[in-house]
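Before any comments, here is the structure.
Counting convention: from 1, in listed order, for ligands and their atoms alike.
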Amino acid sequence: MITSRRMAAVDLNAEALGVPRKQLMESSGNAVARACRDLADPGASVAIVAGRGNNGGDALVAARFLKAYDVTVHLLGRPETISTDIARENWDALVAGEADRRTVADSAAFDLGDPDLVVDAMLGTGVAGALREPEATAARAINESAATVLAVDVPSGVDADTGEAAGLAVDADRVVTFHDDKPGLGNLDCEVVVADIGIPEAAELFTGPGDLLALDRDAQSHKGDHGDVLVVGGGPYTGAPALAAQSALRAGADLARVACPEAVAREVQGYSENLIVRGFSGDRLAPEHVPDLLDFAADRDVVVFGPGLGDADESLDAVREFLAAYDGTAVVDADALQVVPEVETEATLICTPHQGELRKMGGETDADWETRRDLVREFAADLGHALLVKGAYDVVSDGDGVRVNRTGNPGMTVGGTGDVLAGATGALAAVLPPLDAAAVAAYANGRAGDLAAEEFGGGLVATDLLERLPAGLRGDAE
Ligand SMILES: NC(=O)C1=CN([C@@H]2O[C@H](COP(=O)(O)OP(=O)(O)OC[C@H]3O[C@@H](n4cnc5c(N)ncnc54)[C@H](O)[C@@H]3O)[C@@H](O)[C@H]2O)[C@@H](O)CC1
Ligand SMILES: [K+]
């Protein structure tokens with residue numbers, strides 16, 4: 001199953017892997033033609049009703065593959081209003097080839113005729129909402145006709161994610177849908193065929209520019225609230241919490257706070273005036289600080305636990321107590337990781353270990369990334385928390401989905417880059433589900449590292465990543 005949102009991401013990733021959308025459209029069109037041949041004998045009359053987006057484009061391609069049939073293409077709208085270049089190129093090819101075609105500038109001009117088979121390619125996964133004109137008139141004519149109805153990707157007017165229609169929708173006999181089944185199609189009373197259109201598996205597995213789309217859509221649904229992130233750490237180390245908190249800001253958080261021992265608060269503040277630093281008594285985290293910390297954390301969107309915390313027994317006890325009582329979202333990093341397997345918590349956790357820390361948590365790893373991918377997914381499922389396991393190939397899983405990130409370079413083994421990643425993951429966890437947050441953070445952090453390496457080679461340092469994180473998140477880091 002794949003949602004429309006994820007499908008758009010995978011499509012962009014495929015393009016980045018060298019399989020452009022037009023090539024996918026050719027495969028989709030071919031699959032539509034195959035379904036037509038399945039439903040009607042050669043010589044039968046086929047009406048292709050095409051919208052102005054890529055769903056229509058798929059059917060325009062199919063027209064070229066149906067030479068043995070009597071095909072009429074109805075384009076809903078004027079050719080100038082076709083909304084994508086690739087759909088327009090396929091329309092132009094039909095015009096140049098003098099295919100039998102009609103343009104329907106307004107609904108009065110629509111005449112479906114009396115075909116044996118109708119191909120509904122008005123709207124696909126690109127839009128949801130009630131059908132406008134001339135689509136609504138065409139849908140009525142399609143539903144009233146005696147023809148067999150084949151829908152392209154999803155019946156027009158139906159939301160592919162829910163199976164619901166906002167009003168009028170095409171009543172299809174069969175749907176040929178692309179790449180993978182869509183969540184909403186199971187709720188429809190029609191036959192569903194899934195066609196492989198040649199999207200590489202890597203487009204789903206490996207993070208790519210498409211994964212950044214999650215930010216455009218989901219982050220906006222959070223209504224301008226881009227997160228109030230609290231970093232809990234510091235003590236033996238002061239740079240780590242400061243880096244994590246600054247990274248949260250660079251990754252889009254509105255506010256980044258650091259809770260650290262009073263003894264080092266001034267030093268942490270010294271790294272950046274953009275941070276809000278709050279000290280607690282003494283020189284390291286201890287159980288006595290937990291009640292206050294829980295109160296403070298309750299008003300934040302995400303807590304990043306661990307940077308620079310150290311592994312003193314009382315600090316680890318405090319982490320245990322905190323996590324046992326906390327029910328929000330937390331990124332757990334560094335020394336705090338080792339307590340996660342023994343804690344029962346209501347919290348949503350994203351754990352960000354490197355291979356050594358993973359082993360300390362009881363997880364297994366392997367030199368082969370595919371084996372590692374499977375091991376990480378299993379371990380995340382056992383833990384009941386998301387994992388972002390750092391390495392040359394980062395592996396991200398929430399126990400169900402899994403993604404592998406290939407951005408980044410050996411220069412990033414320098415100290416502090418893990419803190420930057422943890423902070424960015426925290427900021428993104430305020431606006432995205434754990435799997436997306438961790439995958440996007442790993443991708444963007446690696447892109448930032450690649451940009452820094454262009455300038456500084458193996459001499460890059462963690463603060464170089466901070467500056468380049470926004471570019472890494474915009475996807476213009478190529
Ligand atoms: N990886 C992918 O995502 C692939 C997608 N493909 C096809 O592309 C489709 C998605 O294409 P698009 O994103 O271009 O979107 P659609 O083709 O689903 O819809 C866009 C068109 O609908 C019109 N429109 C918008 N709202 C409307 C309304 N309420 N009533 C009537 N018309 C309306 C717009 O003017 C636009 O022309 C998929 O369903 C599939 O068929 C395939 O070509 C191959 C790969
Ligand atoms: K359709």
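- In this structure, of A203, G126, A166, the residue bringing a heavy atom nearest to atom 13 (O) of ligand 1 is G126.
- Contacts of A297 classified as side-chain contact (heavy atoms from CB on, under 4.5 Å), with partners at least two apart in sequence or in another chain: L230, V303, F322, Y326.
- The number of heavy-atom neighbours closer than 6.0 Å to CG of D368, taken from other residues, nucleotides and ligands shown, is above 12.
- Atom 21 (C) of ligand 1 has its nearest heavy-atom neighbour, among G56, G53, G77, G124, in G53.
- Heavy-atom distances between S28 and ligand 1 reach below 4.0 Å in at least one pair.
- Residue I82 does not touch ligand 1, judged by heavy-atom distances below 4.0 Å.
- Looking at N55 against ligand 1, both its backbone and its side chain come within 4.0 Å, counting heavy atoms.
- No heavy atom of M122 sits closer than 4.0 Å to any atom of ligand 1.
- Using a 4.0 Å cut-off between heavy atoms, D58 contacts ligand 1 through its side chain alone, with no backbone atom that close.
- In A130, the part holding a heavy atom less than 4.0 Å from any atom of ligand 1 is the backbone.
- To the nearest 0.5 Å, the span separating NZ on K390 from CD on E357 amounts to 5.5 Å.
- For the 3.5 Å distance criterion, the side chains of T3 and D161 fail to qualify, holding no donor opposite an acceptor.
- Ligand-side atoms of ligand 1 in range of S83: 36 (C), 37 (O), range being under 4.0 angstrom from any heavy atom.
- Taking only non-hydrogen atoms, the option from R21, R52, R132 nearest to atom 30 (N) of ligand 1 is R132.
- Around the K ion (ligand 2), the protein atoms of type N, O or S found under 3.4 Å away are N55 OD1, D120 O, L123 O, V152 O, V154 O, S156 OG, listed by chain and number.
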